[in-house]
Amino acid sequence: DMFRLLREHRAFDRYERNYFLYGLAFMVLLPVNVFLLVDAFQVSYKELSLVKLVALQVGFMLSVPGWGRSMDRRGPYGTAARAFLMLATYPALLSVALASHRFELVWVAYFVFGVCMAGVHVTWTLSSVHFARGRDSTPFMGIHIFAVGVRGVLGPSLGLALYQLAGFHGAFAASCALFLIAGLLMRYSPDRREVEKWGREEAALPMGVSPALPAPPAAPAPARLTA
């Protein structure tokens, strides 16, 4: 089951916990950004679509190959660490844009967001396969998706509460802090080097060959019956 898998794979367990903090930081901003764009900047639906689709998608498409190379060299821990730490600039830029009332900085923020989310997409998609190491990756991805659902319930509500209590800048500061904490935990995780080693070992294997799995524990000898 899910909890047994997390107990047996401590590196994956810690990875998911760190990823959860990133997810909260991301979802905190979902309701806040609607208020920012509609109420503070009073953008039209056309401008809103351009910012969210053009700036974000251009950043995403341009950076996907680089994040793929990072995943090859650094594995999910190192790649996620870079993406999360860079993501801290996203709410910071939105906060500066609001303070200076410069809408062009919103475009820059969403472009940066697209670049960083390309890295998140690569780690989100491939990390389960990486941690499975030749096993069925479905249970790993199932935990990943379950965690998304949990933070999807908590994150927007937390963001709305922060906005009501501390305003835009308070919500942006909280999101920035969570991105930084998640990135630093990934960067300095005790599992990072070992997980990177797995990736190098797999890259050295011939195409189509799975990494060797640890041998299962030996079955206990049957008990002898005595007269």
Side-chain angles (χ1 to χ4, degrees), residues 18-67 70 79-125 145 147-187:
N18 298 344
Y19 221 98
F20 194 89
L21 292 177
Y22 141 77
L24 279 181
F26 168 75
M27 292 192 177
V28 156
L29 293 177
L30 292 181
V32 177
N33 284 354
V34 174
F35 295 124
L36 173 73
L37 295 173
V38 174
D39 295 340
F41 284 100
Q42 299 180 338
V43 300
S44 65
Y45 285 113
K46 178 181 177 180
E47 291 173 305
L48 182 62
S49 300
L50 287 173
V51 169
K52 287 201 165 188
L53 296 179
V54 176
L56 191 154
Q57 292 301 325
V58 168
F60 189 99
M61 289 186 294
L62 289 176
S63 59
V64 164
W67 288 114
S70 175
T79 303
R82 288 180 172 232
F84 297 167
L85 291 172
M86 289 173 61
L87 269 169
T89 62
Y90 167 54
L93 281 168
L94 292 177
S95 187
V96 173
L98 176 65
S100 60
H101 209 74
R102 295 175 59 188
F103 189 65
E104 62 269 23
L105 288 179
V106 175
W107 279 82
V108 175
Y110 271 89
F111 177 81
V112 171
F113 181 58
V115 170
C116 299
M117 288 307 293
V120 171
H121 177 75
V122 168
T123 58
W124 199 94
T125 306
I145 294 171
V148 171
V150 173
R151 57 184 178 254
V153 172
L154 300 176
S157 300
L158 177 60
L160 187 59
L162 285 168
Y163 170 68
Q164 292 174 335
L165 291 171
F168 285 115
H169 295 294
F172 292 145
S175 176
C176 183
L178 286 170
F179 281 135
L180 288 173
I181 292 169
L184 290 172
L185 287 173
M186 288 289 193
R187 174 66 179 82

Do you know the tightest heavy-atom contact between Ala97 and Phe41? O-CZ, 3.5 Å

Side chains of Phe103 and Leu37: closer than 4.5 Å at any heavy-atom pair? yes

Mind checking whether Phe20 and Val150 have side chains closer than 4.5 Å, heavy atoms only? yes

For Arg151 against Met27, the heavy-atom pair lying closest together: O-SD, 3.2 Å

Under the side-chain contact (heavy atoms from CB on, under 4.5 Å) rule, what do Met186 and Tyr22 come out as? Steps first, then yes or no, please. CA-CA 10 Å; Met186 288 289 193; Tyr22 141 77; over 6 Å; no

Could you measure the distance from the CG atom of Asn33 to the CG atom of Leu48? Nearest 0.5 Å is fine. 10.0 Å

Within the distance-only criterion (no hydrogens, no angle test), does the side chain of Ser175 pair as donor or acceptor with the backbone N or O of Phe172 below 3.5 angstrom? no

Derivation of the side-chain contact (heavy atoms from CB on, under 4.5 Å) call for Tyr19 and Val120: CA-CA 10 Å; Tyr19 221 98; Val120 171; 3.5 Å; yes

Heavy-atom closest pair, residues Leu184 and Leu85: N-CD2, 3.9 Å

Between Tyr163 and Phe168, what is the ring plane arrangement, given parallel below 30°, perpendicular above 60°, and tilted in between? tilted

Working to the nearest 0.5 Å, report the span between CZ of Phe111 and SG of Cys116. 10.0 Å

Would you mind reporting whether Phe26 and Met117 have side-chain heavy atoms less than 4.5 Å apart? yes

Test Val115 against Trp67 for side-chain contact (heavy atoms from CB on, under 4.5 Å), laying out the working first. CA-CA 9 Å; Val115 170; Trp67 288 114; 4.2 Å; yes

Considering non-hydrogen atoms only, spot the tightest contact between Thr123 and Ala80 and give its length. CG2-N, 3.8 Å

Close side-chain approach of Leu162 and Val32, heavy atoms under 4.5 Å: no

Closest heavy-atom pair and its distance - Val51, Tyr110: CG1-CD1, 3.4 Å

Mind listing the closest non-hydrogen atom pair of Ala118 and Val64 along with its distance? CB-CG2, 3.8 Å

Heavy atoms, side chains only, cut-off 4.5 Å: are Trp107 and Leu50 in contact? yes

Any side-chain to backbone donor/acceptor pair from Gln164 onto Ala161? Under 3.5 Å, distance only. no

Any side-chain heavy atom of Phe84 sitting closer than 4.5 Å to one from Leu185? no

Check: Ser49 side chain, Tyr45 main-chain N or O, donor-acceptor pair, under 3.5 Å: yes

